[in-house]
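Notes follow the structure.
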2 protein chains.
Amino acid sequence: MENLSDRSRVILEAVIEDYIRTAEPVGSRSISRKHTLSPATIRNVMSDLEEMGFLLSPHTSAGRIPTDKAFRFYVDSLLTVRTIEKEQQDQILSQYKLHGRDVAEILKETSRILSSFSHYMGVVVTPRFNATVFRHMEFVKLGGRTILAILVAINGVVQNKIIETDEVISPEELVRMSNYLNELLEGLTIAEVRNRILLEMEDEKVRYDTMLARALNLSAQTLDENGTEVFIEGQFNILELPEFADVTRMKDVFHAFEEKNQLVTLLDRCIQSEGVHIFIGAENYLSRMEKMSVITAPYMTGNKTVGILGVIGPTRMGYDRVIPIVDYTAKLLSKLLDAE
Amino acid sequence: MENLSDRSRVILEAVIEDYIRTAEPVGSRSISRKHTLSPATIRNVMSDLEEMGFLLSPHTSAGRIPTDKAFRFYVDSLLTVRTIEKEQQDQILSQYKLHGRDVAEILKETSRILSSFSHYMGVVVTPRFNATVFRHMEFVKLGGRTILAILVAINGVVQNKIIETDEVISPEELVRMSNYLNELLEGLTIAEVRNRILLEMEDEKVRYDTMLARALNLSAQTLDENGTEVFIEGQFNILELPEFADVTRMKDVFHAFEEKNQLVTLLDRCIQSEGVHIFIGAENYLSRMEKMSVITAPYMTGNKTVGILGVIGPTRMGYDRVIPIVDYTAKLLSKLLDAE
DNA sequence: GTTAGCACTCGGATGTTTCGAGTGCTAACT
DNA sequence: AGTTAGCACTCGAAACATCCGAGTGCTAAC
């Protein structure tokens, strides 16, 4: 990292924090008020910082704005992350208490929590089904050849799918099928389940047992689709931010969410790495989101990472405040999913 | 209804259609170009229409804008709804084909379809569980005292909930429970199921049978929450509309969606009435949505209305184009839900 | 009843001026 | 050598002025 003098650091930090507060270019005078230095001195330092690529001036007679690089440096080296207050912890916890305990509900609520506590947007990607452990599979007959397949993971995540079969299958046979499958697949992760089914299907003895073949076929169909969903809450929060007062900027943001899968790839990028991850401005490689930062953290069930959550806000977001919120929420969600 | 001369009607219609196209106040000249009447004559008529409350001028030297009353009259008396083209029908149908057949997916897709074909926002309210017929109930043991309850309606709508029990229940007992319940509740609507459970619980013989009591207790818990969800898609569509170029207007719209329950009450208002319903501007009684119109239609399974779908757009929306889309989609969705 | 003609209005676009925040540079100060 | 006061300069935002044209209402002629 660049070697900055102590003074430069202090001033850079001051500029950044001012900018986070006001969203306006920061002038030398406003900083001199808080430090016992004259504006001229500060101007000199700022000029150096600009040279180094930490600041930029929109035009000659405005103040200066921190660049992405500055925020990166701020987050890496200057920032002392606040510890989350007990009070806030309790508030978050009690939010969860209010709602039902269906997993999808919990995830949506998590997104809402992230949004309302950060004052930005909350985002939660649904668990990677693959990493979770199989618990139960069940077939319910809805009508003639229509069957509802229900797949339950050990953490309570449910996936259901309506399947049209070629031939009519009796309810009794359906029960036998699910018994067979539940025994066969017990304790495997969904990814393993997938493999196992393919393997089984090649087995000689299965090929000549219609029931088994059908069962495997059905379960394969149940698994074939594996939607990752994204819950984004609090879009309206960013409507209030001055940097998006401009209509075209706003459109950009919303268009960015149209392609949710792009967002998923972004978030997925940090699925292996532990702990909080931060993408600042252009670092997220989505042109629509150049002016935004993303703070993410993985959450897990058991000790496997199954999903990602985070907060999306402007580059000038209150990192010190938001990081612990994301961190705590991820841990809390992991705990909630485990308890089940 | 006001008695308008034929000429007035023609001119009013022309103004409305111009305004729908351009979103700009309409002047007398642009109309005179299409009809063989001089601007002056048209001005006289327009002046009358203004007097009657069908038009208003934002200021002296602008053209005129149709009022809510004008749109109401237009929809009721002037509009000839186009029939939906075969081609468009096929397009919509094929959209459905692309996706999985989980009911929640279908509803979300419906919302997307409404949005993309109307170019406004699509909205779908999830089925009123109460009106649908019970099909199956199942309990899956997740851990010590944690149980996942799954409730399936005949149309494939699934509701699941995680329940914490006071005592450990064995898997075998869970199976017996669900067998008992499935037999007991077969063929009832969810509303009836609710009553039946309460009734049953008071029965003497049940009170002394722990298993039955527990089963009923569990199912009561499964039912107690009955979330109506709303899928809104295509918000970004309205970002493109000139009337929302103003940032404050836009905020209003998004804030309106914050309270989704308000929206639900609006939509619910037409759940009994058959066919397409239209709320124009202030008619929807949501101050945030004064500049918007809503076109709704109920959809059903069996022959019971279970939910509402619709399109939300500006008051100057292309009614002739959108009404058949809403109508057709509602019918198609009903058919899709029935087929299962 | 219709229309041409005309004076009038008013908002949007364009141009001009003013104001002030902020800069860079230089020279004096510690 | 680092710091600071002073000053000329820059440039955008806001305020003000002007112009233009689309559109109106009214009147008088057709």
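Just so it is clear, the model here is predicted, and its values are computed rather than measured. Residue numbering restarts at 1 for every chain, and letters A, B, ... go by the order of the sequence lines. These values consider heavy atoms only, across backbone and side chains, with no hydrogens, waters or symmetry-generated copies.
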Query raised in the report: What is the distance, rounded to the nearest whole Å, between atom CG of A:Asp48 and atom C1' of D:dG2?
Result: 13 Å
Requested in this report: Report the residue from B:Thr22, B:Leu241, B:Ile65 that forms a side chain to side chain contact (heavy atoms under 4.5 Å, CB included) with B:Arg316.
Outcome: B:Leu241
Requested in this report: Please report the closest heavy-atom contact between B:Met292 and B:Pro314, naming both atoms and the distance.
Outcome: CE-N, 3.9 Å
Query raised in the report: According to a strict under-4.0 Å criterion, is A:Thr60 in side-chain N/O contact with OP1 or OP2 of D:dC11?
Result: yes
Query raised in the report: Side-chain N or O of A:Arg64 less than 4.0 angstrom from OP1 or OP2 on C:dT23?
Result: yes
Report summary line: Note: B:Ser32 and B:Leu37 closest approach over all heavy atoms is CB-O, 3.1 Å
**Report entry** Watson-Crick or G-U stems of DNA chain D, 3 or more pairs, under 3.5 Å, by first number
**Finding:** C:1-30 with D:1-30
Query raised in the report: In terms of the angle between their ring planes, are B:Phe71 and B:Tyr74 parallel, tilted or perpendicular, with boundaries placed at 30° and 60°?
Result: perpendicular
Query raised in the report: Taking CZ from A:Arg33 and P from C:dA21, how many angstroms apart are they, rounded to a whole number?
Result: 10 Å
Query - Atom-to-atom span, CD of B:Glu51 to P of D:dG25 - whole angstrom - result: 11 Å
Requested in this report: Ignoring backbone atoms, test whether B:Ser28 places a side-chain nitrogen or oxygen under 4.0 Å from the OP1 or OP2 oxygen of D:dT24.
Outcome: yes
Query raised in the report: So B:Ile280 and B:Ser293, side-chain contact (heavy atoms from CB on, under 4.5 Å) or not? Walk me through it.
Result: CA-CA 4 Å; B:Ile280 292 169; B:Ser293 283; 3.8 Å; yes
Query raised in the report: Does B:Arg7 put a side-chain nitrogen or oxygen below 4.0 Å from OP1 or OP2 of C:dT2?
Result: yes
Query - Heavy-atom closest contact (B:Ser115 atom, B:Gly122 atom, distance) - result: CB-N, 3.5 Å
Query raised in the report: How close or far is atom C1' of D:dT3 from atom CD1 of A:Ile11, stated in whole angstroms?
Result: 12 Å
**Report entry** Pairwise 5' ranking along DNA chain C for B:Asn44 and A:Arg29, keeping only the more 5' one
**Finding:** B:Asn44
Using the 3.5 Å cut-off, write out each protein N or O paired with an N or O of nucleotides 12-20 of chain D and the distance between them.
none

Query raised in the report: What's the shortest heavy-atom distance between B:Val81 and B:Pro324, and which atoms?
Result: CG1-CD, 3.6 Å
Query raised in the report: In whole angstroms, how far is the C1' atom of C:dG22 from the CD atom of A:Glu24?
Result: 13 Å
**Report entry** Flag side-chain contact, heavy atom, 4.5 Å: A:Val326 against A:Leu309
**Finding:** yes
Query raised in the report: To the nearest angstrom, how far is B:Ile65 atom CD1 from D:dT24 atom P?
Result: 12 Å
Query raised in the report: What nucleic acid atoms does A:Thr41 come within less than 4.0 Å of, heavy atoms only: base, sugar-phosphate, or nothing?
Result: base
Query raised in the report: What closest approach, in Å, do B:Glu243 and B:Ala23 show between heavy atoms, and which atom pair accounts for it?
Result: OE1-CB, 4.1 Å
Report summary line: note: B:Met46, atom CE; D:dA22, atom P; distance rounded to Å ~ 16 Å
Requested in this report: Check the distance between C:dG1's P and B:Arg43's CZ and give it to me in whole angstrom.
Outcome: 18 Å
